[in-house]
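Order of the sequence lines sets the chain letters (A, B, ...), proteins ahead of strands, with each chain counted from 1. A quick note: this is a predicted structure, and the numbers were derived from the prediction, not measured.
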Number of protein chains: 2
Amino acid sequence: MATIGDVAKAAGVSRSTVSYALSGKRAISGETRERIEEAIRELGFTPNAGARALATSQTKVIGLLVQFFRDEFSPAMLQYVLPISDAAREAGYDILMVTEDDGPRALKRITDSDMVDGVVLLNVAEHDARVPLLRGARQPGALVGMPHDTEGLDVFDLDFGEAARMLVDHLHELGHREIVLISPNEHVITRGGAYVWRFRNAALERGARYGLRMHSYYGESQQPAITEAWNRILDERPTATAVIVHNDAMIAALPPVLNARGVEVPRDLSVVGIFSEDFGRLFSLPYTAIETSPDKLGRAAVQALVQRMRDGEGAAAPVVRFIAPELTDRGSTR
Amino acid sequence: MATIGDVAKAAGVSRSTVSYALSGKRAISGETRERIEEAIRELGFTPNAGARALATSQTKVIGLLVQFFRDEFSPAMLQYVLPISDAAREAGYDILMVTEDDGPRALKRITDSDMVDGVVLLNVAEHDARVPLLRGARQPGALVGMPHDTEGLDVFDLDFGEAARMLVDHLHELGHREIVLISPNEHVITRGGAYVWRFRNAALERGARYGLRMHSYYGESQQPAITEAWNRILDERPTATAVIVHNDAMIAALPPVLNARGVEVPRDLSVVGIFSEDFGRLFSLPYTAIETSPDKLGRAAVQALVQRMRDGEGAAAPVVRFIAPELTDRGSTR
DNA sequence: CTGAAAGCGCTTACAG
DNA sequence: CTGAAAGCGCTTACAG
């Protein structure tokens with residue numbers, strides 16, 4: 001492969017001049033610039049990324065840690081990954097994607113070895129072992145999902161409490177008095193998915209304030225347990241007139257369950273959920289729902305991270321930002 | 001950050017000795033080794049990846065080009081990406097994942113700048129602009145999906161022709177005489193997804209040999225067109241007793257359609273498909289199907305690539321490998 | 001407007 | 001068993 005030295009020789013200039021022509025960091029005479037550009041073209045020169053990284057202490061790569069739970073419902077993950085990848089590219093960064101089960105180890109590896117200029121943590125848990133490591137890293141990071149201790153970090157998450165209140169308000173206004181609430185699978189809480197109880201508690205609290213009868217259940221994440229759970233719950237609460245579903249796997253499987261039971265929405269039952277537009281389209285879900293906006297979250301995280309990488313030490317104070325929930329009415333309530 | 005020089009100083013040895021202790025490429029006395037290890041621990045030293053890459057001409061990173069069509073049905077992609085990422089990590093490689101719309105440009109960028117030691121191309125099309133670029137690259141590559149010209153490349157794909165024949169044989173043996181065949185959305189062909197007509201032609205040919213009446217349709221990839229297409233097709237072919245579905249979006253949406261029409265499987269209609277086990281589980285699909293084995297394909301591609309990166313110039317001849325289809329009987333035919 | 005030189009942090013022949 | 005030195009391919013003060 002051609003090096004900057006080859007280009008310099010071909011253009012009859014020094015290596016530094018070629019470098020400056022590339023970076024535009026100092027003025028180059030028109031004629032010299034042309035000779036250099038021609039040489040670059042002829043030789044098919046592209047700067048070596050490793051050498052550049054070594055010289056500049058910048059890799060132009062963002063690490064993306066995707067913490068994947070294999071027994072969980074997966075299709076949602078891609079909705080975060082793609083916008084992050086897109087946003088990174090727009091800012092001139094590539095993505096080093098790490099899916100290792102041992103997230104903390106992976107994080108340490110890519111930051112300690114300076115493979116990346118910054119890091120995005122996906123699916124952050126209440127007590128996430130990656131978070132303290134990130135604090136200790138040289139590189140800045142941005143989180144999608146809220147940990148217990150947000151000190152010193154840029155954090156982005158949906159406002160799950162507000163989302164729950166909006167859904168309860170919506171049903172309350174329509175006159176519902178007895179509501180079933182489905183949370184994610186119980187082991188999601190065990191793992192510290194704080195959004196589970198943030199949503200759940202807010203919903204129950206709001207329901208209590210209105211004097212509603214609320215029935216709270218954990219859902220399942222795998223068939224055939226999902227369908228069984230639905231039937232058991234619906235059998236158990238025949239007088240409930242509405243259901244709030246905060247569980248991707250459960251709501252994706254709901255239409256055939258209701259169909260089989262002869263339940264028509266919203267005539268016999270009002271259904272609301274919380275899932276992204278893409279997800280709803282994927283499963284053709286006809287339910288009114290809070291939009292989870294994975295693209296907004298992912299993009300916001302990347303933008304904050306890019307800003308911070310740019311600013312270095314003199315960066316602004318860290319932000320914890322809740323994305324405001326939006327209700328998309330698909331007519332599944334009355 | 002501590003450098004190898006800091007470690008050398010702390011351990012009272014030369015930098016080369018530290019380097020050799022790290023790589024194990026030459027014998028080190030026990031006592032020296034211990035002093036070095038202690039220094040490494042104390043200083044929290046990790047070699048700088050860029051410097052190492054520059055010195056060794058090896059990045060230990062594999063580029064993954066995921067060619068994403070945004071209007072297509074997405075959840076299948078992750079099934080390839082995860083096994084590839086896992087297999088790479090097991091072999092000591094990280095994944096630089098590129099999702100740029102302009103795949104050829106992205107490929108050129110990461111190979112020319114030597115960001116990666118090798119490349120995996122996903123979702124390769126019949127005339128894929130990335131393929132000639134890959135041939136011209138310094139780094140080896142492996143393809144998942146078959147291009148027209150496989151010259152000089154390691155290629156992995158499902159044997160779609162054989163898959164189609166197996167399904168037709170299966171239905172023929174059961175006595176079916178009139179079969180509907182659903183292919184992917186027409187624009188997948190336009191883009192050169194060769195597997196579409198490899199499957200389709202093989203199915204039609206086999207059906208013709210048996211004297212079956214075969215009705216071939218292109219499917220849709222988005223709701224509500226999917227449901228409309230199903231109803232139109234089923235209305236049009238009331239005497240067909242079986243349907244072969246080679247379209248993820250269409251088969252995922254089939255259960256509610258049949259339900260609404262009062263069609264029971266396999267009593268009224270036999271249904272077979274071609275999709276991965278994970279995909280079937282995700283959508284709770286109760287249909288007999290050819291397993292597409294994305295994990296096997298992804299892993300095979302990575303293994304071949306790793307082998308080739310290891311062997312350098314003296315590598316073995318390139319291979320084109322078809323994965324043998326396997327039929328999973330879920331009792332949806334009779 | 002341009003060049004010579006030092007330096008980024010490693011690895012690896014070469015020498016002893 | 002160990003060290004001194006060259007080299008990987010860039011960037012960037014320093015000098016003119």
Mate of C/dG16 across any strand shown (Watson-Crick or G-U wobble, both atom pairs under 3.5 Å) is D/dC1
Expressed in angstrom and rounded to an integer, what is the separation of B/Ile28 atom CD1 from D/dT2 atom P?
6 Å
Ignoring backbone atoms, test whether B/Thr32 places a side-chain nitrogen or oxygen under 4.0 Å from the OP1 or OP2 oxygen of D/dT2.
yes
Of the candidates D/dC1, D/dA13, C/dA13, the side chain of A/Tyr20 sits closest to D/dA13
Under 4.0 Å: is that the gap between some side-chain N or O of A/Ser16 and OP1 or OP2 of D/dT12?
no
Atom CE of B/Met115 to atom C1' of D/dC8: distance rounded to whole Å?
18 Å
Please give, in whole Å, the distance from C/dC1 P to A/Glu34 CD?
14 Å
Here the pair of heavy atoms bringing A/Gln79 nearest to A/Pro294 is OE1-CG, 3.3 Å
B/Thr56 vs C/dC10: side-chain N/O to OP1/OP2 distance below 4.0 Å:
no
Starting from P on D/dA4, measure out to CD1 on B/Ile4 and report it in whole angstrom.
14 Å
Separation of A/Asp6 atom CG from D/dC10 atom P, in whole Å?
9 Å
For D/dG9, does OP1 or OP2 lie under 4.0 Å from any side-chain N or O of A/Arg15?
no
Nearest non-hydrogen partners of A/Ser16 and A/Arg26, listed with the distance
OG-NH2, 4.2 Å
Phosphate OP1/OP2 of D/dT2: any B/Arg26 side-chain N/O under 4.0 Å
no
I need the CE-P distance between A/Met1 and D/dG9, as an integer number of Å.
11 Å
N or O in side chain of A/Ser19 less than 4.0 angstrom from D/dT11 OP1/OP2:
yes
Counting only side-chain N and O atoms of A/Lys25, is one of them less than 4.0 Å from OP1 or OP2 of D/dT11?
no
Using heavy-atom distances to pick each residue's nearest nucleotide on DNA chain D, tell me which of B/Ser57 and B/Thr17 is more 5'.
B/Thr17
Is the backbone of B/Val81 close enough, under 3.5 Å, to the side chain of B/Ser85 for a donor and an acceptor to pair up by distance?
no
Presence of A/Thr3 side-chain N/O under 4.0 Å of D/dG9 phosphate oxygens OP1/OP2
no
Rounded to whole angstroms, how far apart are CZ on B/Arg33 and P on D/dT2?
10 Å
What integer distance in Å separates B/Phe45:CZ from C/dG9:P?
10 Å
Taking only the side-chain heavy atoms of A/Ser14 (C-beta and beyond), determine which of D/dG9, C/dG3, C/dT11 contains the nearest atom.
C/dG3
Heavy-atom closest contact (A/Arg89 atom, B/Glu100 atom, distance)
CD-OE1, 3.2 Å
Is B/Asp94 reaching over with its side chain to a backbone N or O of B/Val61, donor-acceptor style, under 3.5 angstrom?
no
